[in-house]
Amino acid sequence: MAEIDPRDNQAWFYSFAAAMVPFTAFCYGHQRGVTVRVIEKLAKTPGGIYGLFVLPFVTLAMEKSIYDTVQSWQGIDPTVIPEDRGGFPSGGGNLPSFSLVPVNKSRSVTNMHQNN
């Protein structure tokens with residue numbers, strides 16, 4: 001794999017950690033009853049119970065934001081679809097980037113290939 005992708009072997013850990021931090025916070029909050037309070041509060045808003053239909057889209061946007069931010073931090077443009085991939089489920093490149101940081105040019109995969 002090193003001849004194809006010169007990044008260090010620990011690159012996967014950043015994505016894993018970035019996904020686990022909010023997941024762990026969610027599990028802790030769920031254990032403390034936050035989930036029930038959020039659903040009850042949503043049900044009592046002017047949108048009523050229909051406000052719960054928005055919840056999956058909000059959580060998916062949060063997940064994509066975390067994924068895109070970590071990819072950008074690692075120097076991978078989340079809007080680029082590699083030639084050897086595509087289609088479901090890896091079609092996130094077709095969507096706009098929700099990254100909170102710009103693509104890190106100093107760590108980009110293209111720069112690493114040029115330096116080797």
Side-chain angles (χ1 to χ4, degrees):
M1 184 70 179
E3 59 276 355
I4 298 171
D5 190 355
R7 291 178 291 177
D8 64 4
N9 291 335
Q10 301 301 318
W12 66 269
F13 184 74
Y14 300 118
S15 299
F16 175 77
M20 292 313 297
V21 168
F23 178 71
T24 305
F26 171 77
C27 288
Y28 179 76
H30 185 67
Q31 188 245 351
R32 295 289 188 184
V34 173
T35 306
V36 173
R37 289 193 299 264
V38 166
I39 291 174
E40 286 175 350
K41 191 162 280 225
L42 274 172
K44 294 177 183 176
T45 61
I49 198 75
Y50 299 109
L52 294 176
F53 291 124
V54 177
L55 203 55
F57 298 104
V58 170
T59 56
L60 281 172
M62 290 168 56
E63 180 183 356
K64 180 159 174 49
S65 175
I66 292 166
Y67 179 78
D68 288 354
T69 300
V70 171
Q71 294 295 303
S72 295
W73 177 61
Q74 290 180 324
I76 302 169
D77 187 352
T79 61
V80 173
I81 302 172
E83 293 178 13
D84 61 337
R85 292 191 198 154
F88 185 80
S90 60
N94 295 329
L95 301 171
S97 174
F98 291 176
S99 177
L100 303 175
V101 298
V103 176
N104 187 352
K105 298 297 183 189
S106 64
R107 294 184 67 160
S108 77
V109 176
T110 308
N111 286 344
M112 289 180 190
H113 283 294
Q114 291 172 350
N115 292 339
N116 289 336

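When a residue number appears, it is its place in the shown sequence, counting from 1. These values consider heavy atoms only, across backbone and side chains, with no hydrogens, waters or symmetry-generated copies.
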Inset, instruction - Side-chain contact test, heavy atoms from C-beta onward, threshold under 4.5 Å: evaluate it for Ser65 versus Leu100 and give yes or no. - result: yes

Inset, instruction - Answer yes if Val38 and Leu52 sit in the same cluster of Ile, Leu, Val, Met, Phe, Trp and Tyr residues linked by side chain heavy atoms under 4.5 Å apart, and no otherwise. - result: yes

Legend entry - Cluster overlap Phe26 with Ile39, hydrophobic side-chain contacts below 4.5 Å: no

Inset, instruction - Indicate yes or no: at least one non-hydrogen side-chain atom of Pro96 is less than 4.5 angstrom from one of Thr79. - result: no

Legend entry - OG on Ser97 to CD on Gln71, rounded to 0.5 Å: 10.0 Å

Legend entry - Any side-chain heavy-atom pair of Glu40 and Val36 under 4.5 Å: yes

Inset, instruction - Could you tell me the separation between the NZ atom of Lys105 and the CG atom of Asp77, rounded to the nearest 0.5 Å? - result: 6.5 Å

Inset, instruction - Output the distance between atom SG (Cys27) and atom CE (Met20), rounded to the nearest 0.5 Å. - result: 7.5 Å

Inset, instruction - Calculate, to the nearest 0.5 Å, the distance between atoms OH and OG1 belonging to Tyr50 and Thr45 respectively. - result: 12.5 Å

Inset, instruction - Check the surroundings of atom OH in Tyr67: do more than 12 heavy atoms from other residues, nucleotides or ligands lie under 6.0 Å from it? - result: no

Inset, instruction - Say whether Ile49 and Leu55 are linked into one hydrophobic cluster, either directly or through other cluster members, by side-chain heavy-atom distances under 4.5 angstrom. - result: yes

Legend entry - CZ-OH distance between Phe23 and Tyr28, expressed to the nearest 0.5 angstrom: 16.0 Å

Inset, instruction - Verify, without hydrogens or angle tests, whether Thr59 (side chain) and Pro56 (backbone) share a donor-acceptor contact under 3.5 angstrom. - result: yes

Legend entry - Ile66 versus Ala18, closest heavy-atom pair with distance: CG2-O, 3.4 Å

Legend entry - Minimum-distance pair of heavy atoms, taken over all atoms of Arg37 and Arg32: NH1-O, 3.6 Å

Legend entry - Side-chain donor/acceptor of Asp68 to backbone N/O of Phe98, under 3.5 Å: yes

